[in-house]
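Since the structure comes first, as structure tokens, the remarks are kept for the end.
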Protein chains: 2
Amino acid sequence: MNDHLYECLSNVNRRKILYCIGEEEKCVNEISECLDLEQSLTSHHLKDLYECGLIEKKRKGKRIYYKVSEPEIIEILEKGKELGDRLEKRC
Amino acid sequence: MNDHLYECLSNVNRRKILYCIGEEEKCVNEISECLDLEQSLTSHHLKDLYECGLIEKKRKGKRIYYKVSEPEIIEILEKGKELGDRLEKRC
DNA sequence: AATTCATATGAACGATCATTTATATGAGTG
DNA sequence: CACTCATATAAATGATCGTTCATATGAATT
């Protein structure tokens, strides 16, 4: 998984998580609810994102809060999304 | 495969192909040799890239030349690479 | 039209991935 | 200390992906 950024970004749920915590940090439950994903699945994806260095975590009491470590990733995602949309419309 | 750009970019050989034909258009054999990939594997990846809209093809005699359709993709790849490197060094 | 060169395609297979289920860890609370 | 809340992890499974091998297509050449 940790080979390259783009492998980590290839999964739509991981991209959604990045968008979701891009605005403000959130705990695992919030992310799960926000994206309607099972808690354990969210945890798995958070692990991948964390090992890739894309997100940071911080414990506050029982909860663990995650946030994007490099805000630039959101810009890259946006650029990719724009390009993707443009390519689709072409066909 | 055609769901989203990032799924197409997740494979390292496809990314290499994009870099390879980013500078100037090349035929399949040239791409194969350039990246040391089997011809059929190259063709498979070219098909994926083509269906994603990332590349264009043009026949000249026996050969088929491929080029990047949206040069912006190279910039996005570069940005991703820079970010990926930065994230790795952090650890 | 048969042959050759360039590329594409299809089937097969192992490898990796995404998801679910069940369970473990670990911090706070009564 | 027992309990519960929040999160993590491990095992299992089906799905998808990357690659290889064999073969097909299609254009040029003889």
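So that the names make sense, note that chain A is the first sequence line, chain B the second, and so on, each numbered from 1.
Within residues 38-47 of chain B, the residues approached by DNA chain C to less than 4.0 Å at the level of any non-hydrogen atom are B:Gln39, B:Ser40, B:Ser43, B:His44, B:Lys47, in residue-number order.
The structure places CG of B:Leu49 at 12.5 Å from NZ of B:Lys47, a figure rounded to the nearest 0.5 Å. For the atom pair CD1 (B:Ile31) and NZ (B:Lys16), the distance works out to 14.0 Å, reported to the nearest 0.5 Å. Distance CG/A:Asn11 to NE2/A:His45: 4.5 Å, rounded to 0.5 Å. The distance from the NZ atom of B:Lys79 to the CD1 atom of A:Ile73 is 11.5 Å, given to the nearest 0.5 Å.
One can place CD of A:Glu30 at 17 Å from P of D:dC5, the figure rounded to the nearest angstrom. Taking atom CZ of residue A:Arg14 and atom C1' of nucleotide C:dT16, one finds them 12 Å apart after rounding to whole Å. One can place CZ of A:Arg63 at 15 Å from C1' of C:dG26, the figure rounded to the nearest angstrom. Nucleotide C:dA6 holds its P atom 15 Å from the OH atom of B:Tyr66, rounded to whole Å. Atom CG in B:Asp36 sits roughly 14 Å away from atom C1' in D:dT19 (whole-Å rounding). The distance between atom CG of A:Asn13 and atom C1' of C:dT20, rounded to the nearest whole Å, is 14 Å. In this structure, B:Glu33 places its CD atom 12 Å from C1' of C:dA6, rounding to the nearest Å. One interatomic measurement links the two molecules: CG of A:Leu37 to P of D:dA8, which rounds to 14 Å at whole-angstrom precision.
Side-chain N/O atoms of B:Ser43 and B:Gln39 include a donor and acceptor closer than 3.5 Å.
No contact: B:Tyr50 has no heavy atom under 4.0 Å from any strand.
Between A:Arg86 and B:Glu72, at least one side-chain N (NZ, or NE/NH1/NH2) sits under 4.0 Å from a carboxylate O, which counts as a salt bridge. The pair B:Lys89-B:Asp85 fails the salt-bridge criterion, with no side-chain N (NZ, NE, NH1 or NH2) lying under 4.0 Å from an Asp/Glu carboxylate O.
Of the side-chain N and O atoms in B:Asn29, one or more sit less than 4.0 angstrom from OP1 or OP2 of C:dT7.
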Please produce a list of atom pairs where a protein N or O lies less than 3.5 Å from an N or O of nucleotides 24-30 of chain D.
none

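The only option from B:Lys57, B:Lys60, B:Arg59 that meets the salt bridge (charged side-chain N to carboxylate O under 4.0 Å, His left out) definition with B:Glu25 turns out to be B:Lys60.
Between B:Tyr6 and A:Ile76, the closest side-chain pair of non-hydrogen atoms falls below 4.5 Å.
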